[in-house]
2 protein chains.
Amino acid sequence: MGERSTGRRTGARRAPLSRERVVTTAMALADEKGAGGVTMRAIGARLGVEAMSLYNHVGGREDILDGMVDAVFGEIDLPAPTADWREAMRDRAASSRAALRRHPWAVGLMDSRSTPGPATLRHHDAVLGALRAGGFSIVMAAHAFSVIDSYLYGFVLQELSLPFTDRAELDEIADDILRDLPSDTFPHLTELITEHALRPGYDYADEFEFGLSLILGALSPAGGRDDG
Amino acid sequence: MGERSTGRRTGARRAPLSRERVVTTAMALADEKGAGGVTMRAIGARLGVEAMSLYNHVGGREDILDGMVDAVFGEIDLPAPTADWREAMRDRAASSRAALRRHPWAVGLMDSRSTPGPATLRHHDAVLGALRAGGFSIVMAAHAFSVIDSYLYGFVLQELSLPFTDRAELDEIADDILRDLPSDTFPHLTELITEHALRPGYDYADEFEFGLSLILGALSPAGGRDDG
DNA sequence: TTGACGGACTTACGGCGTAAGTCTAACGTT
DNA sequence: AACGTTAGACTTACGCCGTAAGTCCGTCAA
């Protein structure tokens with residue numbers, strides 16, 4: 001049993017594991033192979049370690065997923081408390097959307113996770129702080145937080161579940177749908193596709209701005225629909 | 001090998017399988033045990049059949065999940081084309097939210113599914129039709145559809161990922177958070193919890209109405225922020 | 001009576017998360 | 001230098017999972 005050594009010498013140790021390294025590796029794996037690629041064995045392989053060794057540093061798979069979601073919140077720029085709450089919200093929305101698009105698995109993970117991590121809590125606290133600094137009462141800040149975040153997450157969710165990723169795929173899918181349907185089965189859908197989505201400059205991502213402006217424009221610290 | 005019979009007699013046949021029966025059973029399973037409970041073996045067991053028999057009627061697990069999502073869309077009341085587009089949108093939002101809460105696994109499934117089924121297409125067509133009937137142009141209808149649905153899905157997503165389900169759990173979680181934190185680590189979060197969420201009548205579900213009214217109020221066929 | 005065939009059946013494979021137990025190299029103490 | 005402790009890796013094993021492949025039987029048309 002002399003060949004039991006795995007090849008490493010006493011001097012050439014591998015970097016020590018840690019919860020953070022495990023979570024980071026899991027994120028890289030998810031970015032590359034999708035949420036389904038995150039398995040204990042795959043993470044271990046990346047780190048040059050057996051799956052079971054991970055249990056010395058994390059509580060299990062669920063713990064890793066929690067860590068991943070929290071890490072995504074950690075990547076979002078915190079809004080500063082400023083009088084211009086609209087700009088603060090706009091910046092935060094852009095930063096959040098960028099993070100969620102960078103890690104497309106994050107939205108899907110969010111709805112099954114219920115214990116927020118420290119970065120998540122810090123993020124939420126900063127958003128509330130920015131709204132309070134903008135003159136919102138506690139109740140109105142809660143309202144504003146809820147609308148903005150709902151819109152943000154919902155938009156990204158839809159954006160990510162579109163059956164196409166670039167223009168070529170859009171054209172292909174549109175053709176498929178139009179060919180299958182007798183053209184008047186779903187007249188408004190057909191209309192939308194032919195006269196809007198297939199037009200040269202169309203990009204669903206552009207819709208984000210419209211909705212965000214609509215919401216931010218309608219919100220005000222006073223609670224009504226006038227400008228604050 | 002006489003005992004090979006599984007007990008059924010020639011006369012007492014079991015109801016024949018079908019894609020629809022498989023999907024319906026899968027939904028019941030998901031409603032009861034969560035999305036994780038939907039396995040080929042579990043569905044088969046419910047139907048008194050081995051897992052592999054399901055493959056005679058569905059394309060595989062993914063096909064079943066597609067069918068489940070489409071079935072949820074099928075449960076949503078279709079908006080009628082009417083001049084009062086705001087009421088139509090309000091009714092549809094309520095019906096959608098009810099369906100998504102009845103089947104909490106649906107939102108989580110949506111983001112991994114990219115081929116919409118017939119009920120989904122019909123639903124989308126009806127919503128577009130209601131907006132067009134309300135006077136929206138194609139482009140504005142696309143805008144309106146996007147904001148409303150983003151808000152809707154995002155709200156439900158947040159609602160479902162709350163770490164509590166009823167008042168007692170809220171109190172417990174709130175206590176946990178407040179106890180763990182040195183009270184000024186996340187001052188605005190602390191403030192929100194103690195002075196708002198722990199108040200007697202608080203219920204996060206109430207936030208839905210605020211955001212929906214804000215969005216519907218700000219929308220108009222003309223595209224501006226005035227009333228249509 | 002016979003032949004075809006739809007649909008349920010069994011078996012098997014590779015992969016999953018993780019419970020349980022083992023082995024080893026480094027460290028603090030003597 | 002010798003020794004016990006211990007952290008953190010390791011192996012093994014269990015019961016799940018989705019599904020590819022092949023078998024077997026009851027029904028029905030001819």
Side-chain angles (χ1 to χ4, degrees), chain A residues 1-23 25-27 29-30 32-68 105 108-109 112-113, chain B residues 1-23 25-27 29-30 32-68 105 108-109 112-113:
Chain A
M1 53 183 65
E3 89 284 57
R4 192 51 160 290
S5 149
T6 45
R8 67 175 201 266
R9 300 260 167 288
T10 307
R13 311 294 312 284
R14 79 188 120 204
L17 258 47
S18 67
R19 188 188 133 100
E20 194 197 336
R21 266 191 10 111
V22 171
V23 170
T25 304
M27 289 178 72
L29 216 40
E32 289 170 35
K33 320 211 168 168
V38 181
T39 72
M40 302 301 278
R41 288 168 170 85
I43 299 168
R46 282 264 169 132
L47 291 166
V49 138
E50 297 299 316
M52 289 309 292
S53 300
L54 302 175
Y55 286 81
N56 289 316
H57 304 277
V58 298
R61 185 167 193 266
E62 290 294 296
D63 185 28
I64 294 177
L65 298 181
D66 282 344
M68 291 168 69
W105 40 265
L109 244 46
S112 52
R113 240 108 288 289
Chain B
M1 53 183 64
E3 88 281 62
R4 192 52 158 291
S5 148
T6 45
R8 69 173 199 268
R9 300 260 167 285
T10 307
R13 310 295 310 285
R14 78 187 121 205
L17 257 48
S18 69
R19 188 188 134 100
E20 194 197 335
R21 267 191 11 109
V22 171
V23 170
T25 305
M27 289 179 71
L29 216 38
E32 289 171 35
K33 322 213 167 164
V38 180
T39 72
M40 302 302 278
R41 288 167 169 83
I43 298 169
R46 280 265 168 129
L47 291 165
V49 139
E50 296 300 315
M52 289 309 292
S53 300
L54 302 176
Y55 286 82
N56 290 316
H57 305 276
V58 299
R61 184 168 195 268
E62 289 295 295
D63 186 28
I64 295 177
L65 298 181
D66 282 343
M68 292 168 68
W105 40 265
L109 244 44
S112 53
R113 239 109 291 285

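Residue numbers begin at 1 in each chain, while the letters A, B, ... track the order of the sequences. None of these values were measured; they are calculated from a predicted model.
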Kindly indicate whether the side chain of A/R41 and the base of C/dG15 share any N or O donor-acceptor pair separated by less than 3.5 Å?
no
Residues B/G37 and B/A42: closest non-hydrogen pair is O-CB, 3.7 Å
Taking the side chain of B/S53 as its heavy atoms from C-beta onward, which of C/dC9, D/dA9, D/dT11 lies nearest to it?
C/dC9
With sequence neighbours left out, the residues meeting side chain to side chain contact (heavy atoms under 4.5 Å, CB included) with B/T25 are B/I43, B/R46, B/L47
Starting from C1' on D/dA9, measure out to CZ on A/R21 and report it in whole angstrom.
14 Å
Between side-chain atoms of residues 57-68 of chain B and protein atoms elsewhere (two or more places apart, or another chain), which donor-acceptor pairs fall under 3.5 Å?
unit_1: B/R61; atom_1: NE; unit_2: B/V38; atom_2: O; d: 3.4
unit_1: B/R61; atom_1: NH2; unit_2: B/V38; atom_2: O; d: 3.0
unit_1: B/E62; atom_1: OE1; unit_2: B/R113; atom_2: NH1; d: 3.3
unit_1: B/E62; atom_1: OE1; unit_2: B/R113; atom_2: NH2; d: 3.3
unit_1: B/D63; atom_1: OD1; unit_2: B/R19; atom_2: NH1; d: 2.5
unit_1: B/D63; atom_1: OD2; unit_2: B/R19; atom_2: NH1; d: 2.9
unit_1: B/D63; atom_1: OD2; unit_2: B/G59; atom_2: N; d: 2.8
unit_1: B/D66; atom_1: OD1; unit_2: B/R113; atom_2: NH1; d: 3.0
unit_1: B/D66; atom_1: OD2; unit_2: B/T115; atom_2: OG1; d: 3.4

Going by side chain to side chain contact (heavy atoms under 4.5 Å, CB included), name the residues that satisfy it together with A/R41, two or more places apart in sequence or in a different chain.
A/T39, A/A51
Could you state the CE-C1' distance from B/M52 to D/dC24, rounded to the nearest angstrom?
15 Å
Nearest listed nucleotide, side chain of B/E50, among D/dA13, C/dT10, D/dG18
C/dT10
Can you list everything that forms a salt bridge (charged side-chain N to carboxylate O under 4.0 Å, His left out) with B/E50? Sequence neighbours excluded, please.
none
Given C/dG17, C/dC9, D/dC17, which nucleotide is nearest the side-chain atoms of B/T39?
D/dC17
Where along residues 54-65 of chain B does a heavy atom fall under 4.0 Å from DNA chain D?
B/Y55, B/G60, B/R61
Sequence-distant partners of B/A35, side chain to side chain contact (heavy atoms under 4.5 Å, CB included), two or more places apart:
B/W105
